[in-house]
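Heads up, the thing below is written out as structure tokens.
We count residues from 1, following the sequence as given. Hydrogens, waters and symmetry mates are skipped; everything else that's a heavy atom, side chains included, is used.
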Amino acid sequence: MKATGHPNILTTTVSPATRWRLVILVLFLVITHSLQAAAAQSATGSLVYLAGSDNSALNRRLRSLLEDALGSTTVIRSFSDGQTSRDSATPVIALGPEAFTRVRQDNRNAPVLALLVDRTFIDGYAERSGGSVSGILYDPPLLRQAIAGRAILPQATRVAMLARPGTVELYEPVTEQLPDYGLEGKIFVVTSDEKLIPTLIRALNYGDFILAAPDSSIYNPRTIKHILLTAYRRNRIVIGPSQAYVKAGSLASTYTPLTEIAELAAAFIREYRTSGQFPPPVYPDSFGIRLNQQVARSLNIPLRDSQDIINSVKARLGGPEESADE
């Protein structure tokens, strides 16, 4: 160290070797920090949490499909309670209403994409979220169901629907759309359990088929057998409410294949990473149809090939032809 002419200023002589070591150290620290920041950003951008349902087989299937759809650069980790309280930025895919509710209870600010939910469940959350909540809708759109019924029964002109006083709104939009497709619809309100079958009989006298929404107050394991037997004794069919009910005795129901749900979910996740917002909840464009051949034979209804029915529905709805996915 050497004194200058000014009494309050000291200068320090640093050797060239020491100076280079300091420069290299600073550069090392800057590069290390940048790499760590980039790695952290990359990890956050490529991470997705998955909140599963109670069905372990379904969870495994959808996880596999999501891994394929999202690609190898995305890591899917199982969601655990307290996860979003530590990480509110990473999107969570929730399988079903219960999983969605569990995530929301964990952190109301976490971005959540709900799969296997219906519109009545998710729309309110999505509207209030500002883009941080959305869903890939699983319940078949009622208009599509009605058009499928018309494709199976080309002579059909009237569609009957059963609802409780609190679920009439499920059907109101489709009743307004039906006339555009050569159909008319009427909602028959079931005011009590005791009036279910009498109201159903009035609906069957009106309609060429029953259009069933996913309304558990009407269609549930306790009532479905009575509804189906009453309909078939009057030579009428039931369309919907879902493919699960086709096995029970409904004639047909459209549905969305899990592969389509996974592909659209991946597109929603990519959009969220890009814009910070999910698109609004939507129904996937692609669908399959489940048919009950035994019921059709017992009612002497000739069924067209599944592919033909799907193409007919798509044509009437104004979309491109699709391939069947049984």
Check your understanding: Rounded to the nearest 0.5 Å, how far does CG of Asp208 lie from CD1 of Ile237?
Key -> 9.0 Å

Check your understanding: Are the side chain of Arg144 and the backbone of Val313 linked by a donor-acceptor contact shorter than 3.5 Å?
Key -> no

Exercise for review: Compute whether any side-chain donor of one residue and acceptor of the other, for Arg63 and Ser78, lie under 3.5 angstrom apart.
Suggested key: yes

Practice item. Check Ile269 against Pro91 and note the closest heavy-atom contact, atom names and distance. Key: CD1-CB, 4.0 Å

Check your understanding: With no hydrogens and no angle check, is any side-chain donor or acceptor of Gln243 less than 3.5 Å from a backbone partner on Ile289?
Key -> no

Practice item. Considering non-hydrogen atoms only, spot the tightest contact between Leu115 and Ala265 and give its length. Key: CD2-CB, 3.9 Å

Review point. Hey, are the side chains of Phe209 and Val238 touching, using non-hydrogen atoms and a 4.5 Å cut-off?
Key: no

Review point. Got a donor-acceptor contact below 3.5 angstrom from the Arg150 side chain to the Ala156 backbone?
Key: yes

Exercise for review: Using the side chain to side chain contact (heavy atoms under 4.5 Å, CB included) rule, take Leu58 and Leu116 through it: C-alpha gap first, then chi angles, then the decisive distance, then the call.
Suggested key: CA-CA 11 Å; Leu58 177 64; Leu116 310 180; 3.4 Å; yes

Practice item. Under the side chain to side chain contact (heavy atoms under 4.5 Å, CB included) rule, what do Thr256 and Ser286 come out as? Steps first, then yes or no, please. Key: CA-CA 7 Å; Thr256 301; Ser286 299; over 6 Å; no

Point to revise | Among Asn235, Thr230, Leu228, the one residue meeting side-chain contact (heavy atoms from CB on, under 4.5 Å) with Tyr232 | key: Leu228

Check your understanding: Is there a donor-acceptor pair under 3.5 Å between the side chain of Tyr171 and the backbone N or O of Ala160?
Key -> no

Review point. Are Phe287 and Glu260 side-chain neighbours, meaning at least one heavy-atom pair lies under 4.5 Å?
Key: no

Point to revise | Nearest-0.5 Å distance that lies between atom OG1 in Thr74 and atom CZ in Arg270 | key: 8.0 Å

Review point. So does Arg304 have more than 12 non-hydrogen atoms from other groups sitting under 6.0 Å from CZ?
Key: yes

Exercise for review: Answer yes or no: is there a side-chain heavy-atom contact under 4.5 Å between Leu65 and Ile261?
Suggested key: no

Check your understanding: Which atoms form the tightest heavy-atom contact between Ala151 and Ser312, and what is the distance?
Key -> CB-OG, 3.8 Å

Check your understanding: Is there a donor-acceptor contact under 3.5 Å from the side chain of Thr223 to the main chain of Ile218?
Key -> yes

Practice item. Could you tell me whether the side chain of Ser64 and the main chain of Arg61 form a donor-acceptor pair under 3.5 Å? Key: no

Check your understanding: Is a side-chain N or O of Ser129 found less than 3.5 angstrom from the main chain of Gly131, in a donor-acceptor match?
Key -> yes

Exercise for review: Flag the pair Leu291 / Ser306 as yes when at least one side-chain heavy-atom distance between them is below 4.5 Å, and no otherwise.
Suggested key: yes

Exercise for review: Find the distance between OH (Tyr219) and OG (Ser242) and round it off to the nearest 0.5 Å.
Suggested key: 11.5 Å

Check your understanding: Cation-pi between Arg128 and Tyr125: NZ/CZ under 6.0 Å from ring centre and within 45° of the ring axis?
Key -> yes

Check your understanding: Between Leu200 and Phe188, is a side chain to side chain contact (heavy atoms under 4.5 Å, CB included) present by the stated rule, with each step listed?
Key -> CA-CA 8 Å; Leu200 171 62; Phe188 294 80; over 6 Å; no

Exercise for review: Could you check if a side-chain atom of Phe268 sits within less than 4.5 angstrom of a side-chain atom of Ser134, using non-hydrogen atoms only?
Suggested key: yes

Review point. Under 4.5 Å between any side-chain heavy atoms of Pro111 and Phe278, yes or no?
Key: yes

Review point. Quick one: are Thr157 and Glu184 in side-chain contact, heavy atoms under 4.5 Å?
Key: no

Point to revise | From Asp118 atom CG to Leu137 atom CG, the distance as rounded to the nearest 0.5 Å | key: 8.0 Å

Check your understanding: Roughly how far, to the nearest 0.5 Å, is CG of Leu211 from CZ of Arg158?
Key -> 16.0 Å

Point to revise | side chain to side chain contact (heavy atoms under 4.5 Å, CB included) between Met161 and Thr175, worked out | key: CA-CA 9 Å; Met161 294 154 274; Thr175 58; 3.5 Å; yes

**Study point:** Minimum-distance pair of heavy atoms, taken over all atoms of Leu204 and Ala231
**Key:** CD1-CA, 3.6 Å

Review point. About how many Å separate CD1 of Ile147 and CZ of Arg316, when rounded to the nearest 0.5 Å?
Key: 7.0 Å

Practice item. Might you confirm whether atom CG of Asn220 has over 12 heavy atoms from other residues, nucleotides or ligands at distances under 6.0 Å? Key: yes

**Study point:** Heavy-atom donor-acceptor pair, Ser275 side chain to Glu271 backbone, under 3.5 Å
**Key:** yes

**Study point:** Closest approach of Ile152 to Ile301 (non-hydrogen atoms, all atoms of both residues)
**Key:** CG2-CG2, 4.2 Å

Check your understanding: Can you tell me if Ser253 uses its side chain to pair, donor with acceptor, with the backbone of Arg290 under 3.5 Å?
Key -> no

Practice item. Could you check if a side-chain atom of Asn59 sits within less than 4.5 angstrom of a side-chain atom of Leu50, using non-hydrogen atoms only? Key: no

Review point. Hey, quick one: are Val246 and Leu229 part of the same hydrophobic cluster, counting side-chain heavy atoms closer than 4.5 Å, chains of contacts allowed?
Key: no

Revision key, fill the gap. All heavy atoms of Leu47 vs all of Arg273, minimum pair found to be N-NH2, 4.0 Å

**Study point:** Gln293, CD: over 12 other non-hydrogen atoms inside 6.0 angstrom
**Key:** yes

